[in-house]
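See below for the structure under consideration.
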Amino acid sequence: MKLLEKTTIGGIEFKNKIAMAPMTRNRATDNGEATASMVKYYEQRASIGLIITEGVNISKLALGSPNTPGIYTPEQVESWKKVTQAVHAKGGKLFLQLWHTGRTSHSSLLNGVTPVAPSAIRIEGHKKATSTGMHEYEIPRALTTAEVKDVIKEYATAAKNAMEAGFDGVELHGAFGYLPNQFLVDGANTRTDEYGGSIENRSRFVLEVMQELVNVWGADKVGIKLSPSIPFNGMIDSDPQALFTYLIQELNKMPLAYLHLMNALFPLEQLPHWPKDVLGTYASLFNKPIIANGGYNPESAELELASGKAQLISFGALALSNPDLVNRIETKSPLNNPDRTTFYSGGDKGYIDYPTLN
Ligand SMILES: Cc1cc2nc3c(=O)[nH]c(=O)nc-3n(C[C@H](O)[C@H](O)[C@H](O)COP(=O)(O)O)c2cc1C
(Lines give C-alpha, C1' and ligand atoms only; values in the text may rest on other atoms or scores of the structure.)
Protein backbone atom coordinates (compact mmCIF):
# COMPACT_ATOMS: atom_id res chain seq x y z
CA MET A 1 0.00 0.00 0.00
CA LYS A 2 1.21 3.50 -0.81
CA LEU A 3 0.05 4.69 2.62
CA LEU A 4 2.56 2.38 4.29
CA GLU A 5 5.53 3.37 2.14
CA LYS A 6 8.31 5.49 3.60
CA THR A 7 8.62 9.04 2.37
CA THR A 8 11.04 11.91 2.77
CA ILE A 9 10.31 15.61 3.02
CA GLY A 10 13.43 17.71 2.92
CA GLY A 11 15.89 15.85 5.11
CA ILE A 12 13.27 14.15 7.25
CA GLU A 13 12.33 10.54 6.65
CA PHE A 14 8.81 9.49 7.62
CA LYS A 15 7.98 5.84 8.31
CA ASN A 16 4.84 6.00 6.21
CA LYS A 17 2.60 8.46 4.38
CA ILE A 18 0.14 8.69 7.23
CA ALA A 19 -0.08 11.90 9.23
CA MET A 20 -2.02 12.62 12.39
CA ALA A 21 -4.04 15.79 11.87
CA PRO A 22 -3.77 18.45 14.58
CA MET A 23 -6.46 17.95 17.20
CA THR A 24 -7.28 20.12 20.19
CA ARG A 25 -8.03 17.88 23.16
CA ASN A 26 -8.12 20.35 26.09
CA ARG A 27 -6.05 18.14 28.39
CA ALA A 28 -3.23 20.58 29.26
CA THR A 29 -2.77 22.12 32.72
CA ASP A 30 -4.33 25.49 33.55
CA ASN A 31 -0.91 27.01 32.75
CA GLY A 32 -0.86 25.45 29.31
CA GLU A 33 1.74 22.80 30.11
CA ALA A 34 1.73 19.33 28.56
CA THR A 35 0.85 16.59 31.05
CA ALA A 36 1.95 12.97 31.53
CA SER A 37 -1.27 11.87 29.80
CA MET A 38 -0.41 14.03 26.81
CA VAL A 39 3.04 12.39 26.67
CA LYS A 40 1.34 9.00 26.64
CA TYR A 41 -1.27 10.04 24.01
CA TYR A 42 1.36 11.15 21.53
CA GLU A 43 3.71 8.28 22.34
CA GLN A 44 0.89 5.77 21.70
CA ARG A 45 0.58 7.18 18.16
CA ALA A 46 4.32 7.24 17.33
CA SER A 47 3.95 4.62 14.57
CA ILE A 48 2.23 7.31 12.49
CA GLY A 49 4.71 8.80 9.99
CA LEU A 50 4.10 12.43 10.93
CA ILE A 51 2.31 13.55 14.07
CA ILE A 52 1.11 17.14 13.99
CA THR A 53 0.27 18.30 17.49
CA GLU A 54 -2.94 19.93 18.56
CA GLY A 55 -3.04 23.70 18.10
CA VAL A 56 -0.55 25.22 20.57
CA ASN A 57 -1.03 28.81 21.72
CA ILE A 58 1.77 31.16 20.76
CA SER A 59 0.93 33.69 23.48
CA LYS A 60 -1.44 34.33 26.35
CA LEU A 61 -3.87 36.23 24.10
CA ALA A 62 -3.79 33.48 21.48
CA LEU A 63 -5.81 31.14 23.70
CA GLY A 64 -9.38 30.48 22.69
CA SER A 65 -10.26 27.26 24.43
CA PRO A 66 -9.73 26.11 28.04
CA ASN A 67 -6.80 23.88 28.92
CA THR A 68 -5.15 24.17 25.55
CA PRO A 69 -1.36 24.01 25.69
CA GLY A 70 1.04 26.87 25.00
CA ILE A 71 4.63 27.30 23.85
CA TYR A 72 5.43 30.74 25.27
CA THR A 73 6.68 30.02 28.83
CA PRO A 74 9.84 28.11 29.86
CA GLU A 75 7.67 25.66 31.80
CA GLN A 76 5.58 24.91 28.71
CA VAL A 77 8.74 24.33 26.67
CA GLU A 78 10.06 21.93 29.32
CA SER A 79 6.75 20.06 29.38
CA TRP A 80 6.80 19.58 25.59
CA LYS A 81 10.33 18.14 25.76
CA LYS A 82 8.85 15.06 27.43
CA VAL A 83 6.45 14.65 24.49
CA THR A 84 9.11 15.00 21.80
CA GLN A 85 11.51 12.68 23.64
CA ALA A 86 8.85 9.99 24.06
CA VAL A 87 7.80 10.13 20.38
CA HIS A 88 11.40 10.22 19.14
CA ALA A 89 12.30 7.26 21.34
CA LYS A 90 9.68 5.30 19.39
CA GLY A 91 11.04 6.51 16.04
CA GLY A 92 8.22 8.98 15.38
CA LYS A 93 8.39 12.51 14.00
CA LEU A 94 6.33 15.43 15.16
CA PHE A 95 5.57 18.99 14.12
CA LEU A 96 4.04 21.52 16.49
CA GLN A 97 1.00 23.43 15.25
CA LEU A 98 1.25 27.16 16.04
CA TRP A 99 -2.13 28.59 17.02
CA HIS A 100 -3.62 32.02 17.57
CA THR A 101 -7.40 32.02 17.84
CA GLY A 102 -7.95 35.78 17.40
CA ARG A 103 -11.63 36.74 17.42
CA THR A 104 -12.83 33.20 18.12
CA SER A 105 -11.69 33.61 21.74
CA HIS A 106 -13.71 35.21 24.52
CA SER A 107 -12.85 37.64 27.33
CA SER A 108 -13.96 35.03 29.89
CA LEU A 109 -10.96 32.96 28.75
CA LEU A 110 -8.56 35.92 28.67
CA ASN A 111 -8.91 37.37 32.18
CA GLY A 112 -11.41 39.92 30.93
CA VAL A 113 -9.32 41.08 27.98
CA THR A 114 -11.21 41.51 24.69
CA PRO A 115 -10.00 39.15 21.95
CA VAL A 116 -7.99 40.69 19.11
CA ALA A 117 -8.53 40.41 15.36
CA PRO A 118 -7.69 42.17 12.10
CA SER A 119 -10.93 44.16 12.35
CA ALA A 120 -13.66 44.79 14.92
CA ILE A 121 -16.05 42.34 13.27
CA ARG A 122 -17.61 39.63 15.34
CA ILE A 123 -18.65 36.13 14.40
CA GLU A 124 -22.40 36.05 13.85
CA GLY A 125 -24.71 33.09 13.90
CA HIS A 126 -22.76 30.83 16.26
CA LYS A 127 -22.27 30.70 20.00
CA LYS A 128 -19.00 30.23 21.81
CA ALA A 129 -18.50 27.39 24.33
CA THR A 130 -16.43 28.57 27.29
CA SER A 131 -15.81 27.23 30.79
CA THR A 132 -18.74 29.41 31.94
CA GLY A 133 -21.23 28.15 29.36
CA MET A 134 -22.37 29.33 25.92
CA HIS A 135 -21.80 33.00 25.02
CA GLU A 136 -22.38 35.22 22.01
CA TYR A 137 -19.11 36.01 20.31
CA GLU A 138 -17.74 39.41 21.26
CA ILE A 139 -16.78 42.28 18.99
CA PRO A 140 -13.00 41.87 18.88
CA ARG A 141 -10.52 44.71 19.18
CA ALA A 142 -8.73 45.49 15.92
CA LEU A 143 -4.96 45.18 16.26
CA THR A 144 -2.97 48.32 15.47
CA THR A 145 -0.39 48.00 12.71
CA ALA A 146 2.39 47.93 15.32
CA GLU A 147 0.56 45.20 17.23
CA VAL A 148 0.18 43.11 14.07
CA LYS A 149 3.95 43.19 13.73
CA ASP A 150 4.29 42.22 17.41
CA VAL A 151 2.05 39.18 16.87
CA ILE A 152 4.20 38.15 13.89
CA LYS A 153 7.23 38.29 16.23
CA GLU A 154 5.34 36.20 18.78
CA TYR A 155 5.02 33.49 16.15
CA ALA A 156 8.79 33.65 15.64
CA THR A 157 9.44 33.30 19.38
CA ALA A 158 7.02 30.41 19.63
CA ALA A 159 8.77 28.74 16.67
CA LYS A 160 12.15 29.10 18.45
CA ASN A 161 10.61 27.62 21.57
CA ALA A 162 9.28 24.69 19.54
CA MET A 163 12.79 24.08 18.28
CA GLU A 164 14.13 24.15 21.83
CA ALA A 165 11.42 21.69 22.85
CA GLY A 166 12.76 19.20 20.30
CA PHE A 167 10.11 19.23 17.57
CA ASP A 168 11.00 18.25 14.00
CA GLY A 169 9.24 21.27 12.51
CA VAL A 170 6.27 23.59 12.87
CA GLU A 171 2.96 24.07 11.10
CA LEU A 172 1.12 27.38 10.97
CA HIS A 173 -2.57 26.95 11.69
CA GLY A 174 -3.83 29.07 8.81
CA ALA A 175 -7.20 27.31 8.62
CA PHE A 176 -10.66 27.07 10.14
CA GLY A 177 -11.28 30.68 11.02
CA TYR A 178 -8.42 31.44 13.40
CA LEU A 179 -6.28 34.58 13.32
CA PRO A 180 -4.27 34.00 10.11
CA ASN A 181 -7.46 32.94 8.30
CA GLN A 182 -9.18 36.08 9.69
CA PHE A 183 -6.54 38.24 7.99
CA LEU A 184 -7.04 36.42 4.70
CA VAL A 185 -10.76 36.79 4.08
CA ASP A 186 -12.49 40.07 3.26
CA GLY A 187 -15.49 39.08 5.42
CA ALA A 188 -13.33 39.44 8.55
CA ASN A 189 -10.63 41.87 7.42
CA THR A 190 -11.59 45.43 6.45
CA ARG A 191 -8.27 47.02 7.46
CA THR A 192 -6.99 50.01 5.56
CA ASP A 193 -3.27 49.54 6.34
CA GLU A 194 -0.87 47.21 4.50
CA TYR A 195 -2.58 44.17 6.13
CA GLY A 196 -6.02 44.80 4.57
CA GLY A 197 -7.75 45.64 1.31
CA SER A 198 -6.24 43.91 -1.72
CA ILE A 199 -5.56 40.17 -1.85
CA GLU A 200 -1.85 41.00 -1.63
CA ASN A 201 -2.40 42.98 1.56
CA ARG A 202 -4.72 40.44 3.18
CA SER A 203 -2.16 37.69 2.46
CA ARG A 204 0.68 39.72 3.95
CA PHE A 205 0.15 38.59 7.56
CA VAL A 206 0.34 34.89 6.68
CA LEU A 207 3.31 35.41 4.38
CA GLU A 208 5.23 37.48 6.94
CA VAL A 209 4.55 34.89 9.66
CA MET A 210 5.70 32.10 7.34
CA GLN A 211 8.88 34.02 6.51
CA GLU A 212 9.62 34.38 10.25
CA LEU A 213 9.07 30.65 10.76
CA VAL A 214 11.41 29.83 7.89
CA ASN A 215 13.98 32.26 9.29
CA VAL A 216 13.90 30.30 12.55
CA TRP A 217 13.70 26.77 11.18
CA GLY A 218 15.38 26.92 7.77
CA ALA A 219 14.33 24.96 4.71
CA ASP A 220 11.87 22.03 4.70
CA LYS A 221 10.78 22.28 8.33
CA VAL A 222 7.78 24.60 8.09
CA GLY A 223 4.30 23.69 6.90
CA ILE A 224 0.98 25.48 6.76
CA LYS A 225 -2.59 24.27 7.06
CA LEU A 226 -5.23 25.98 4.93
CA SER A 227 -8.97 25.42 4.50
CA PRO A 228 -9.84 27.46 1.41
CA SER A 229 -13.41 26.16 1.16
CA ILE A 230 -14.49 26.08 4.80
CA PRO A 231 -16.76 28.99 5.78
CA PHE A 232 -16.82 27.99 9.49
CA ASN A 233 -16.27 30.79 12.04
CA GLY A 234 -17.53 33.38 9.56
CA MET A 235 -14.73 32.84 7.03
CA ILE A 236 -16.58 34.39 4.11
CA ASP A 237 -14.59 35.72 1.19
CA SER A 238 -15.86 37.30 -2.01
CA ASP A 239 -13.34 35.43 -4.20
CA PRO A 240 -11.62 32.60 -2.34
CA GLN A 241 -10.20 31.07 -5.50
CA ALA A 242 -8.28 34.23 -6.42
CA LEU A 243 -7.21 34.69 -2.79
CA PHE A 244 -5.86 31.19 -2.20
CA THR A 245 -4.34 30.97 -5.67
CA TYR A 246 -2.31 34.10 -4.97
CA LEU A 247 -1.38 32.92 -1.46
CA ILE A 248 -0.19 29.48 -2.59
CA GLN A 249 1.82 30.99 -5.44
CA GLU A 250 3.57 33.27 -2.94
CA LEU A 251 4.13 30.38 -0.51
CA ASN A 252 5.90 28.61 -3.37
CA LYS A 253 8.66 31.18 -3.16
CA MET A 254 9.58 29.92 0.32
CA PRO A 255 11.40 26.66 1.07
CA LEU A 256 8.49 25.02 2.86
CA ALA A 257 8.05 21.42 3.98
CA TYR A 258 4.43 21.02 2.94
CA LEU A 259 0.98 22.47 2.40
CA HIS A 260 -1.72 20.78 4.48
CA LEU A 261 -5.02 21.20 2.65
CA MET A 262 -8.41 20.57 4.20
CA ASN A 263 -11.17 19.37 1.93
CA ALA A 264 -14.51 21.19 1.79
CA LEU A 265 -16.23 19.52 4.72
CA PHE A 266 -19.11 21.97 5.12
CA PRO A 267 -22.15 22.54 2.88
CA LEU A 268 -21.47 25.14 0.18
CA GLU A 269 -24.94 25.55 -1.39
CA GLN A 270 -25.03 29.18 -0.25
CA LEU A 271 -21.58 29.75 -1.76
CA PRO A 272 -21.87 28.41 -5.31
CA HIS A 273 -18.70 30.24 -6.48
CA TRP A 274 -16.52 28.45 -3.92
CA PRO A 275 -14.46 25.52 -5.25
CA LYS A 276 -15.79 22.22 -3.92
CA ASP A 277 -12.81 20.20 -5.12
CA VAL A 278 -10.07 21.73 -2.98
CA LEU A 279 -7.26 19.38 -4.01
CA GLY A 280 -8.23 19.58 -7.67
CA THR A 281 -8.25 23.37 -7.51
CA TYR A 282 -5.14 24.10 -5.47
CA ALA A 283 -2.82 21.09 -5.10
CA SER A 284 -1.14 21.49 -8.48
CA LEU A 285 -0.33 25.14 -7.72
CA PHE A 286 2.08 24.09 -4.96
CA ASN A 287 5.51 22.81 -5.85
CA LYS A 288 6.22 20.88 -2.62
CA PRO A 289 4.43 17.98 -0.89
CA ILE A 290 0.71 18.23 -0.16
CA ILE A 291 -0.85 16.65 2.90
CA ALA A 292 -4.51 16.05 2.14
CA ASN A 293 -7.00 16.11 5.01
CA GLY A 294 -10.65 15.69 5.69
CA GLY A 295 -12.99 12.74 5.67
CA TYR A 296 -10.56 10.02 4.60
CA ASN A 297 -10.70 6.36 5.52
CA PRO A 298 -7.81 4.03 4.66
CA GLU A 299 -9.35 3.11 1.28
CA SER A 300 -10.10 6.64 0.12
CA ALA A 301 -6.70 7.77 1.42
CA GLU A 302 -4.99 5.14 -0.70
CA LEU A 303 -6.96 6.28 -3.76
CA GLU A 304 -6.01 9.90 -3.08
CA LEU A 305 -2.31 9.01 -2.95
CA ALA A 306 -2.74 7.08 -6.19
CA SER A 307 -4.28 10.20 -7.78
CA GLY A 308 -0.89 11.86 -7.30
CA LYS A 309 -2.41 15.05 -5.87
CA ALA A 310 -1.17 14.38 -2.33
CA GLN A 311 2.02 12.89 -0.89
CA LEU A 312 0.65 12.24 2.60
CA ILE A 313 -2.84 11.87 4.04
CA SER A 314 -3.72 13.13 7.50
CA PHE A 315 -6.33 11.47 9.65
CA GLY A 316 -8.07 13.37 12.43
CA ALA A 317 -10.82 11.52 14.25
CA LEU A 318 -9.53 8.07 13.21
CA ALA A 319 -6.04 8.79 14.59
CA LEU A 320 -7.60 9.96 17.81
CA SER A 321 -9.59 6.74 18.22
CA ASN A 322 -6.94 4.31 16.91
CA PRO A 323 -3.57 4.56 18.63
CA ASP A 324 -2.42 1.67 16.42
CA LEU A 325 -3.94 3.10 13.23
CA VAL A 326 -0.89 2.09 11.18
CA ASN A 327 -1.01 -1.52 12.35
CA ARG A 328 -4.76 -1.67 11.71
CA ILE A 329 -4.29 -0.35 8.18
CA GLU A 330 -1.46 -2.81 7.60
CA THR A 331 -3.51 -5.77 8.82
CA LYS A 332 -6.78 -4.49 7.28
CA SER A 333 -8.38 -4.67 10.73
CA PRO A 334 -11.55 -2.86 11.79
CA LEU A 335 -11.11 0.61 13.27
CA ASN A 336 -12.38 1.92 16.63
CA ASN A 337 -15.08 4.57 16.28
CA PRO A 338 -14.26 7.99 17.72
CA ASP A 339 -16.26 8.97 20.82
CA ARG A 340 -17.31 12.57 20.22
CA THR A 341 -18.35 13.12 23.84
CA THR A 342 -14.71 12.94 24.95
CA PHE A 343 -13.13 14.96 22.11
CA TYR A 344 -12.64 18.09 24.20
CA SER A 345 -12.91 16.83 27.79
CA GLY A 346 -13.03 13.67 29.82
CA GLY A 347 -9.54 13.32 31.25
CA ASP A 348 -7.89 10.04 30.30
CA LYS A 349 -11.21 8.56 29.16
CA GLY A 350 -11.51 8.75 25.39
CA TYR A 351 -7.92 10.00 25.37
CA ILE A 352 -5.37 7.34 26.23
CA ASP A 353 -7.70 4.37 26.73
CA TYR A 354 -8.70 3.49 23.14
CA PRO A 355 -7.91 -0.21 22.69
CA THR A 356 -5.16 -1.53 20.43
CA LEU A 357 -5.33 -4.85 18.60
CA ASN A 358 -2.66 -6.43 20.79
C1 LIG B 1 -11.30 16.84 18.37
C2 LIG B 1 -10.79 17.63 17.20
C3 LIG B 1 -9.97 18.72 17.43
C4 LIG B 1 -9.44 19.46 16.36
N5 LIG B 1 -8.54 20.48 16.61
C6 LIG B 1 -7.85 21.02 15.58
C7 LIG B 1 -6.72 21.87 15.82
O8 LIG B 1 -6.30 22.13 16.95
N9 LIG B 1 -6.07 22.36 14.73
C10 LIG B 1 -6.48 22.06 13.44
O11 LIG B 1 -5.86 22.53 12.49
N12 LIG B 1 -7.53 21.27 13.21
C13 LIG B 1 -8.19 20.72 14.24
N14 LIG B 1 -9.19 19.79 13.98
C15 LIG B 1 -9.48 19.42 12.58
C16 LIG B 1 -8.64 18.21 12.18
O17 LIG B 1 -7.26 18.53 12.14
C18 LIG B 1 -9.07 17.71 10.79
O19 LIG B 1 -8.89 18.76 9.89
C20 LIG B 1 -10.53 17.27 10.77
O21 LIG B 1 -10.82 16.42 11.87
C22 LIG B 1 -10.87 16.53 9.48
O23 LIG B 1 -10.11 15.34 9.38
P24 LIG B 1 -10.81 13.89 9.64
O25 LIG B 1 -12.01 13.85 8.74
O26 LIG B 1 -9.77 12.88 9.29
O27 LIG B 1 -11.20 13.84 11.09
C28 LIG B 1 -9.77 19.09 15.04
C29 LIG B 1 -10.61 18.00 14.81
C30 LIG B 1 -11.10 17.26 15.86
C31 LIG B 1 -11.96 16.05 15.59
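In each ligand, atom 1 is the first atom listed, and ligand 1 is the first ligand listed.
- Here is the list of ligand 1 atoms found below 4.0 Å of a heavy atom in Lys225: 10 (C), 11 (O), 12 (N), 15 (C), 16 (C), 17 (O), 18 (C), 19 (O).
- Polar contact check, Tyr296 against ligand 1: no nitrogen or oxygen pair lies under 3.5 Å apart.
- Closest to atom 31 (C) of ligand 1, if we only count protein heavy atoms, is Phe343 CE2, 3.7 Å.
- Ring pair Tyr42/Trp80 is tilted by interplanar angle, where 30° to 60° counts as tilted.
- Within the 4.5 Å cutoff, side-chain heavy atoms of Asn293 are placed close to those of His260.
- Taking every heavy atom of Gly294 and a limit of under 4.0 angstrom, the matching atoms of ligand 1 come to 22 (C), 23 (O), 25 (O).
- Counting heavy atoms from C-beta outward, Leu207 and Met254 have side chains that approach closer than 4.5 Å.
- For atom 8 (O) of ligand 1, the closest non-hydrogen atom on the protein side is Thr24 OG1, 2.6 Å.
- Pairs engaging residues 270-280 under the side-chain hydrogen bond (donor to acceptor under 3.5 Å, both in side chains) rule: none recorded [sequence neighbours left out].
- Tyr344 OH, 3.4 Å is the protein heavy atom nearest to atom 2 (C) of ligand 1.
- Here the protein heavy atom with the shortest distance to atom 26 (O) of ligand 1 is Gly316 N, 2.8 Å.
- Minimum interatomic distance between Pro118 and Arg191 (heavy atoms only, all atoms of both residues): O-NH1, 2.8 Å.
- Note on ligand 1: Trp99 sits outside its first shell, no heavy atom being nearer than 4.0 Å.
- A pairwise comparison of heavy atoms in Thr101 and Tyr178 identifies CA-CD2, 3.7 Å as the closest pair.
- Residues passing the side chain to side chain contact (heavy atoms under 4.5 Å, CB included) test with Glu212 are Ile152, Lys153, Ala156, Asn215, sequence neighbours excluded.
- By the 30° and 60° cut-offs, the orientation of the rings of Phe14 relative to Phe95 is tilted.
- Interface of Met262 with ligand 1, defined as ligand atoms under 4.0 Å from a residue heavy atom, comprises 19 (O).
- The distance from ligand 1 to the heavy atoms of Gln97 drops below 4.0 Å at these ligand atoms: 7 (C), 8 (O), 9 (N), 10 (C), 11 (O).
- Of the protein's heavy atoms, Met23 CG, 3.7 Å lies nearest to atom 29 (C) of ligand 1.
- Using bins of under 30°, 30° to 60° and over 60° for the plane-to-plane angle, the ring pair His126/Phe232 lands in the tilted bin.
- Look at Phe176 and you'll find every heavy atom at least 4.0 Å from all atoms of ligand 1.
- In terms of protein heavy atoms, atom 27 (O) of ligand 1 is closest to Ala317 N, 2.9 Å.
- Each of the atoms 8 (O) of ligand 1 lies under 4.0 Å from some heavy atom of Gly55.
- Between Arg204 and Glu194 no salt bridge is recorded (no basic side-chain N to carboxylate O distance below 4.0 Å).
- Here the heavy atom of the protein found nearest to atom 17 (O) of ligand 1 is Pro22 O, 2.7 Å.
- Shortest non-hydrogen contact noted between Pro115 and Glu138 is CD-OE1, 3.3 Å.
- Near Phe315, meaning under 4.0 Å from one of its heavy atoms, ligand 1 places the atoms 26 (O).
- Taking atom 19 (O) of ligand 1 as the reference point, the nearest protein heavy-atom neighbour is Asn293 OD1, 2.6 Å.
- Heavy-atom distances between Gly295 and ligand 1 reach below 4.0 Å in at least one pair.
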